[in-house]
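Every number for a ligand or one of its atoms is a count from 1 in the order of the listing.
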Amino acid sequence: MVSEIIANKLSNARHVAVLTGAGVSAESGVPTFRDAGGLWAKYDPQQLATEAAFRADPDLVWRWYSWRRQLIANVNPNPGHFALAALHDMFPRFSLVTQNVDNLHQRAGSREVHELHGNIERSRCMICEAVFHGDEAPPGEHVLQCSCGGAIRPDVVWFGEQLPEKELRFATEAAVDCDVFLTIGTSGQVYPAAQLPLIAKQQGGAMLIEINPEPSALASMVDECICSPSGEVLPRLLDAIKAAR
Ligand code: BJW
Ligand code: ZN
């Protein structure tokens, strides 16, 4: 499953950068977006994941995010998350960038997680930008109001919104600097995150490795694909790197 080429390249790497997507949490029981049976097969992103949708029907959007927050609170990190946390200390530099909002990397022990699309446990006021953590803005049927009168929204990045500038800058710089870039469990369809593997390869000359049971939009540009679930691949990758040293 993990070839000698990949194990050797990784065991000698100076800087490994990782981009994760919803697929890394699939084996924890968190639905992905674009797979058959994924969230966007059942729900319309235009009605749930845009600012216009929230303004049109804040309760609907709040309820949907409340349901997802509760689902996520009741699952656990899987062996893929734990292996990524263990990989952190194995290289001179290791950068973990995620599109996920589910906190599962942090719960598995990853210390520095760069979240491109926010975090579902956080909420923020539409007017004064006050931030609320966890049960400071608990899940429920109706959208909550800030003391300033503004509606409180999930602190995630919806379509048409800018990604957090600092995190995107970090991710871009890591892509340029790394010598191995791992793209794991993402369909590679959402920009600007999907640009990062290309930047790593074209600007940084990195080796691009994908871990995904299905070919993604990035498949034609990757150097190696390990085409199996990340919860199975990542623990083996960790063992293979240890064995190659
Ligand atoms: C497994 C597995 C297992 C299964 N193991 N793998 C350039 C070109 C075209 C469009 C655009 C462009 N630039 C910008 C856009 C527009 C838009 C966009 O990209 N649209 C495309 C969809 C067409 N982008 C944006 O709007 C972004 N903002 C932006 O660009 O702002 C610029 C701007 C400029 C000027 C003014 C204003 C703005 C924002 C994007 C925000 C995305 N938000 C979401 C929701 C977050 C909150 C929430 O969770 O509700 O983020 S959408 C959703 O998609 C979520 C994800 O993070 C994101 C990516 O999905 P991901 O992670 O790849 O999941 P899936 O489901 O797609 O794939 C799962 C994969 O896992 C599959 O491949 C499976 O095979 C695999 N898998 N089991 C490993 N066990
Ligand atoms: Zn406020």
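Glu173 has no carboxylate O lying under 4.0 Å from a charged side-chain N of Arg169, or vice versa, which leaves the two without a salt bridge. The residues Glu51 and Arg55 are annotated as salt-bridged, a charged nitrogen and a carboxylate oxygen being separated by less than 4.0 angstrom. With respect to Asp179 and Arg93, no salt bridge is recorded, no charged nitrogen being found less than 4.0 Å from a carboxylate O.
Counting only heavy atoms, the protein gets under 4.0 Å from atom 37 (C) of ligand 1.
Interface of Glu214 with ligand 1, defined as ligand atoms under 4.0 Å from a residue heavy atom, comprises 75 (O). Close contacts of ligand 1 with Pro192, meaning ligand atoms under 4.0 Å from a residue heavy atom, involve 30 (O). Per-residue contacts place Gly21 under 4.0 angstrom from the following atoms of ligand 1 (heavy atoms of the residue considered): 62 (O). Each of the atoms 3 (C), 5 (N), 80 (N) of ligand 1 lies under 4.0 Å from some heavy atom of Pro229. Shown in contact with Tyr65 at under 4.0 Å from a heavy atom are these atoms of ligand 1, numbered in order with element: 47 (C), 48 (C), 50 (O). Using a 4.0 Å cut-off to heavy atoms of Val156, the atoms of ligand 1 that qualify are 47 (C). Counting atoms of ligand 1 from 1 in the listed order, those under 4.0 Å from a heavy atom of Gln99 are 57 (O), 59 (C).
Here the rule is ring pair (Phe, Tyr, Trp, His ring centres under 6.0 Å) with Phe54, and of Trp62, Phe159, Trp64, Trp158 only Trp158 fits it.
No donor-acceptor distance shorter than 3.5 angstrom exists from the side chain of Ser66 to the backbone of Pro139, with no hydrogens or angles considered. Thr186 places a side-chain N or O within 3.5 Å of a backbone atom of Gly188 that can act as its donor or acceptor partner. Side-chain atoms of Lys201 never come within 3.5 Å of backbone atoms of Val222 as a donor-acceptor pair (strictly under, hydrogens ignored).
In plain terms, the two heavy atoms of Leu234 and Gly80 that are nearest each other are CD1-O, 3.6 Å. Here the closest non-hydrogen pair linking Glu136 and Val131 is OE1-O, 4.0 Å.
Within the 4.0 Å heavy-atom criterion, the part of Val101 lying near ligand 1 is the side chain and not the backbone.
Residue Pro213 places a heavy atom under 4.0 Å from ligand 1.
In the hydrophobic clustering of this structure, Phe82 does not group with Leu87; members are Ile, Leu, Val, Met, Phe, Trp, Tyr whose side-chain heavy atoms approach within less than 4.5 Å, directly or through other members.
Ordered by chain and number, Cys125 SG, Cys128 SG, Cys146 SG, Cys148 SG make up the set of protein N, O or S atoms under 2.8 Å of the Zn ion (ligand 2).
In terms of protein heavy atoms, atom 29 (C) of ligand 1 is closest to Glu161 O, 3.4 Å. Scanning the protein heavy atoms around atom 44 (C) of ligand 1, the nearest turns out to be Val157 O, 3.9 Å. Thr186 OG1, 2.6 Å is the protein heavy atom nearest to atom 63 (O) of ligand 1. Annotation: atom 24 (N) of ligand 1 to nearest protein heavy atom, Tyr191 O, 3.0 Å. Nearest to atom 34 (C) of ligand 1 among the protein's heavy atoms is Gln162 NE2, 3.9 Å. Nearest non-hydrogen protein atom to atom 62 (O) of ligand 1 is Ala22 N, 2.8 Å. Of the protein's non-hydrogen atoms, Gly160 N, 2.7 Å is the one closest to atom 26 (O) of ligand 1. In this structure, atom 75 (O) of ligand 1 lies nearest to the protein heavy atom Asn212 OD1, 2.7 Å.
Side chains of Ser95 and His114: a donor-acceptor N/O pair is absent below 3.5 angstrom, by distance only.
Residue Asp35 holds the heavy atom nearest to atom 74 (C) of ligand 1 of all those in Leu168, Asp35, Leu19, Asn119. Compare Ala49, Ala26, Gly80, Ser230 by their heavy atoms: the one nearest to atom 5 (N) of ligand 1 is in Ser230. Across the listed options Glu232, Glu27, Arg68, Arg34, Arg34 owns the non-hydrogen atom lying nearest to atom 54 (O) of ligand 1.
Stacking of Arg122 on the aromatic ring of Tyr65 is not recorded, the 6.0 Å distance cut-off and the 45° axial limit not both being met.
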